[in-house]
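Here you go, one structure.
When reading the values below, keep in mind they use all heavy atoms of this one structure, side chains included, and skip hydrogens, waters and symmetry mates.
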Amino acid sequence: METTDEELQVEEVEEAEEPIPYLPRTSSIAFNYLHLDPEKVLSAFGKYGRFQMLTYLLTSGVHMLMALNMLVMPFITKQPTFGCDFEPQPHWEYAEIDGCHVRDGNNWTVNCLQIPGAKYNYTDASSSLAAEYNLVCEESGAVDHATSIFLFGGMLVSPIITQLSDLFGRRWTFLLPLYMAVLANLVCAAAPNYTTFLIFRFISGVTTTSFSTIGWVLCMESVALEFRSLIPLVTTAAWVFGYILAGALHLVIEDWRLLYLAVTLPGILTIPYYWLVPESLHWLITKRKKKMVKKYIRTCSKYNKREIALHECRTAVEEAVLLKERTAIDIFTHPDLFGYFLINSYILIVMNGTYWALSLFSTELSDDGITGYFLSGIVELPAGLLSVGLLVFLGRKTVSFLSLALQSVFMCCALYIPVNTNMRMIFPLLTKSTNAIVWSSQLLLYTEATPTSVRNVFCGMVYFVGEIGSVAAPYLKRLEAIDKNAPALLIAMMSLLAALLVLLVPDTKGIRMPEDIDDFNGGPLLRLLRRKKPRNGTQIELEMVLPQATVDQTAAEELK
């Protein structure tokens, strides 16, 4: 329901009855908290405000939980060592060929389980989910479902959870999935059969993706503009820590159920989040939550031990706080925003597909399996640190372009530059490093450029389409049936196209996030494609260089 002019006037009067916080006591200027600019408020509390840094650490730290629950899968789904255990038959003689097949007296090859009373004999059935549920031989492909269904659940929920976040706030759509993910993973660790495991693994994917996606947006909306280039620092460190911790736990825990339980238990540490994680100030002002805005500012002042002059944090145009209610339909009907959505969706498909292909098959980089896995995770840490330096000195767009282009080059090098056995990991690890850098820059690039009124919905929809790459990653290896180099060559070609598409979008470094679609800057090429016939001699020139809101303001000034 829209607020009428009379209600706004009453609201102004009610606000005027209170002293204006942190202004001289003699001041009697009427003040409306809903006319605050959230960017100015966050910046006023400082680049490293304590309350903002606490929110940053909490919302970034949860990426460790997602890394644990995803990257434990190569260990619990590994194919076990086994043989065919059968009793001698009175009229038939069988000779074992491998664990899956035997040869009968007529020299015919038959499956192990076709012999009456035969079964698979595992060296250690407890060390693998595949062994316990007999996901071997003809059923070995089913083990990939345990990984892909997690990502598929995240893919389905992304546009839904982000829409709910816009309706009910970032905080609750972050906390509830966080706690539900812990419960779903506990059930997975105790699943009596594979079907139950898949069902709750799907729920785990839904909830884990939800708190990860909303946590990222909440983090972006909770820190000052000057700090955003540093966001990847803790995010990358938390992810790499979860990556390495999953491998370390595998070294000391062989039983797959205990291992899955071990990677789930850190989620219990998030219980205090209920009292510590605040709502997004951007969302509070957009949704006109006056009392909650006041409470947020009081809490910030208390934790930061700093009082700010709110009259200096007013939005430049007061009408900007009266944002329209936006939905996913607005993204499809706005030409610039829809074009921006298509570009970023494709780029995220490439980023996801490359990352998960390199991570899930990292155990194949070395003969012992674990060395390649650890190195594949460790290289992300220096890459994350390097990305922070690059983002401080270069634009988001530049970093994304260079990273995707190098990702393509290194993948081609892995295919066509001959190296000895000990050096074969170099180019895959370099590819993983550049992929880690683009994850730091590209998420900032499209999140900062998206208007607050549709930011969550936009990010959710991009994430939804981008998860096509994640879901497909576990199956990329099957392209080797066409050609041994097909998976890597496909990644290289798609990465090069993604790099070229980055050149079509605008950079966002040092630019405040737009509040509504009318403020959105889709880049010079997208604006050129949608350019309309001018109504006067100067209109077309203005539309090419200025956002529409600025054009309207300029026209109004000319009329005056």
- request: Starting at CG of Leu503, measure out to OG of Ser400 and round the result to the nearest 0.5 Å.
  value: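 OG of Ser400 is found 10.5 Å from CG of Leu503.
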- request: Mark yes when over 12 heavy atoms from residues, nucleotides or ligands other than Phe241 sit less than 6.0 Å from its CZ; otherwise mark no.
  value: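 At most 12 heavy atoms, drawn from other residues, nucleotides or ligands, come within 6.0 Å of this atom.
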message: For Tyr56 together with Phe227, are the ring centres under 6.0 Å from each other?
response: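 Distance test on ring centres: under 6.0 Å, yes.
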Thr398 side-chain N/O to Leu394 backbone N/O, donor-acceptor pair under 3.5 Å: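 No, Thr398 side chain to Leu394 backbone: no donor-acceptor pair under 3.5 Å.
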query: Which heavy atom of Leu42 sits nearest a heavy atom of Val223, and at what distance?
result: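 Answer, listing the atom of Leu42 first, then Val223: CD1-O, 3.5 Å.
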query: For Trp283, does its backbone N or O pair with a side-chain atom of Ser280 as donor and acceptor, under 3.5 Å?
result: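 Yes: the side chain of Ser280 pairs with the backbone of Trp283.
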task: Kindly give the heavy-atom pair with the smallest separation between Pro38 and Ile285, and that separation in Å.
output: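 Looks like CD-CD1, 3.9 Å.
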message: Does any part of the side chain of Ser301, heavy atoms only, come nearer than 4.5 Å to the side chain of Phe45, both counted from C-beta?
response: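 Yes, their side chains come closer than 4.5 Å.
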- prompt: Where is the tightest heavy-atom contact between Asp166 and Lys287, given as atom of each residue plus distance?
  reply: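 So the minimum-distance heavy-atom pair works out to O-CE, 2.9 Å.
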field: Within 6.0 Å of CE in Met180, more than 12 heavy atoms from elsewhere
entry: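 Atom CE in Met180 is not crowded, with 12 or fewer foreign heavy atoms closer than 6.0 Å.
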message: Ser222 vs Gln52, test: side chain to side chain donor-acceptor pair (under 3.5 Å). Steps then yes/no.
response: CA-CA 6 Å; Ser222 298; Gln52 284 67 43; over 6 Å; no
message: Ignoring hydrogens, what is the shortest heavy-atom contact between Ser345 and Val462? Give both atom names and the distance.
response: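 Smallest interatomic distance, heavy atoms only, reads OG-CA, 3.9 Å.
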message: Is there a side-chain contact between Ile297 and Leu36 in this structure, where contact means two heavy atoms from C-beta onward sitting under 4.5 Å apart?
response: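 Contact flag for Ile297/Leu36 side chains = yes.
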message: Has Ser60 got a side-chain atom pairing as donor or acceptor with Leu57's backbone, closer than 3.5 angstrom?
response: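 No, Ser60 side chain to Leu57 backbone: no donor-acceptor pair under 3.5 Å.
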- request: Examine the side chains of Asn69 and Thr208 and answer whether a donor and an acceptor come within less than 3.5 Å of each other.
  value: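 No, because no side-chain N or O of Asn69 sits under 3.5 Å from a partner of the opposite role on Thr208.
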- prompt: Between Lys432 and Glu380, is there a salt bridge with N-O shorter than 4.0 Å?
  reply: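 Counted as a salt bridge, because a side-chain N and a carboxylate O are separated by less than 4.0 Å.
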query: Quick check: does any side chain N or O of Ser165 sit under 3.5 Å from a backbone N or O of Ile161, one acting as donor and the other as acceptor?
result: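 No, because the side chain of Ser165 does not come within donor-acceptor range (under 3.5 Å) of the backbone of Ile161.
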message: With a 6.0 Å cut-off (strictly less than), is the heavy-atom count around OH of Tyr346, excluding the residue itself, greater than 12?
response: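 Enclosed: over 12 neighbouring heavy atoms sit under 6.0 Å from OH of Tyr346.
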message: When you compare the side chains of Ser440 and Ser387, does any donor N or O come within less than 3.5 Å of an acceptor on the partner?
response: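 Present: a donor and an acceptor within the cut-off.
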- prompt: Hey, mind stepping through Leu284 and Lys290 against side-chain contact (heavy atoms from CB on, under 4.5 Å) and telling me if it holds?
  reply: CA-CA 8 Å; Leu284 292 175; Lys290 179 178 63 177; over 6 Å; no
Other residues, nucleotides, ligands: >12 heavy atoms within 6.0 Å of Tyr303 OH: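 Open: at most 12 neighbouring heavy atoms sit under 6.0 Å from OH of Tyr303.
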query: Hey, mind stepping through Arg314 and Lys40 against side-chain contact (heavy atoms from CB on, under 4.5 Å) and telling me if it holds?
result: CA-CA 8 Å; Arg314 293 173 65 95; Lys40 293 181 180 179; over 6 Å; no
query: Which atom names give the shortest non-hydrogen contact between Ala262 and Leu249, and what distance separates them?
result: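 Smallest interatomic distance, heavy atoms only, reads CB-CD1, 4.0 Å.
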task: Would you check, one step at a time, whether the test salt bridge (Lys or Arg N to Asp or Glu O under 4.0 Å) holds for Arg170 with Glu221?
output: CA-CA 10 Å; Arg170 315 317 194 204; Glu221 295 180 351; 2.9 Å; yes
message: Could you check whether any side-chain N or O of Ser204 sits under 3.5 Å from a backbone N or O of Phe200, counting only pairs where one atom can act as donor and the other as acceptor?
response: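 Not a single qualifying donor-acceptor pair exists.
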Shortest non-hydrogen contact between Ala383 and Ser433, atoms and distance: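 Residues Ala383 and Ser433, closest heavy atoms: CB-O, 3.5 Å.
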message: Could you check whether any side-chain heavy atom of Tyr273 comes within less than 4.5 Å of a side-chain heavy atom of Tyr179, counting everything from C-beta outward?
response: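 SC-SC contact between Tyr273 and Tyr179 confirmed.
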task: Report yes if the side chains of Val465 and Ile349 come closer than 4.5 Å at any heavy-atom pair, otherwise no.
output: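 Yes; the side chains approach each other to less than 4.5 Å.
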query: Is Arg171 reaching over with its side chain to a backbone N or O of Leu218, donor-acceptor style, under 3.5 angstrom?
result: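 Absent.
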- prompt: Given side chains that start at C-beta, do those of Trp439 and Asn352 come closer than 4.5 Å, heavy atoms only?
  reply: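 Touching, per the 4.5 Å side-chain cut-off.
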task: Would you sort out whether Leu178 and Thr207 count as a side-chain contact (heavy atoms from CB on, under 4.5 Å), showing the intermediate values?
output: CA-CA 7 Å; Leu178 181 61; Thr207 52; over 6 Å; no
query: Is there a side-chain contact (heavy atoms from CB on, under 4.5 Å) between Thr270 and Leu65 once you walk through the steps?
result: CA-CA 10 Å; Thr270 62; Leu65 302 179; 3.9 Å; yes
- request: Give a yes or no answer on whether the side chain of Asn304 reaches the backbone of Arg306 with a donor-acceptor pair at less than 3.5 Å.
  value: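 Such a contact is absent between Asn304 side chain and Arg306 backbone.
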field: Inter-residue atom distance Leu402.CG - Lys397.NZ, 0.5 Å rounding
entry: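 So the gap between those two atoms works out to 12.0 Å.
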field: Tyr296 side chain reached by Lys291 side chain, heavy atoms, under 4.5 Å
entry: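 Not in contact.
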field: Distance in Å, Ile347 CD1 paired with Leu500 CG, rounded so as to fall on 0.5 Å steps
entry: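 Separation between the atoms: 10.0 Å.
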query: Any side-chain heavy-atom pair from Arg396 and Val399 closer than 4.5 angstrom?
result: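 Answer no - side chains too far apart.
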field: Min side-chain heavy-atom separation Ile231-Cys219 under 4.5 Å
entry: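 A side-chain contact exists here, since the closest heavy-atom pair is under 4.5 Å.
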- request: Evaluate side chain to side chain donor-acceptor pair (under 3.5 Å) for Ser403 paired with Thr434, printing each intermediate quantity in order.
  value: CA-CA 5 Å; Ser403 300; Thr434 52; over 6 Å; no
- prompt: Going from CZ on Phe202 to CZ on Phe150, what distance comes out if it is rounded to the nearest 0.5 angstrom?
  reply: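 If we round to the nearest 0.5 Å, Phe202:CZ and Phe150:CZ are 11.5 Å apart.
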- prompt: CG of Leu68 to NE2 of His63: how many Å apart, nearest 0.5 Å?
  reply: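 That separation rounds to 13.0 Å.
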query: What's the spacing between Phe211 CZ and Leu176 CG if we round to 0.5 Å?
result: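 Rounded to the nearest 0.5 Å, the CZ-CG separation comes out at 13.0 Å.
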- request: State whether the side chain of Asn435 and the backbone N or O of Thr431 hold a donor-acceptor pair below 3.5 Å, judged by distance alone.
  value: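 Flag not set: sc Asn435 to bb Thr431 has no pair under 3.5 Å.
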message: Less than 3.5 Å apart, any donor N or O on the side chain of Gln407 or Ser495 sitting next to an acceptor on the other?
response: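 Yes, Ser495 and Gln407 have a side-chain donor paired with an acceptor closer than 3.5 Å.
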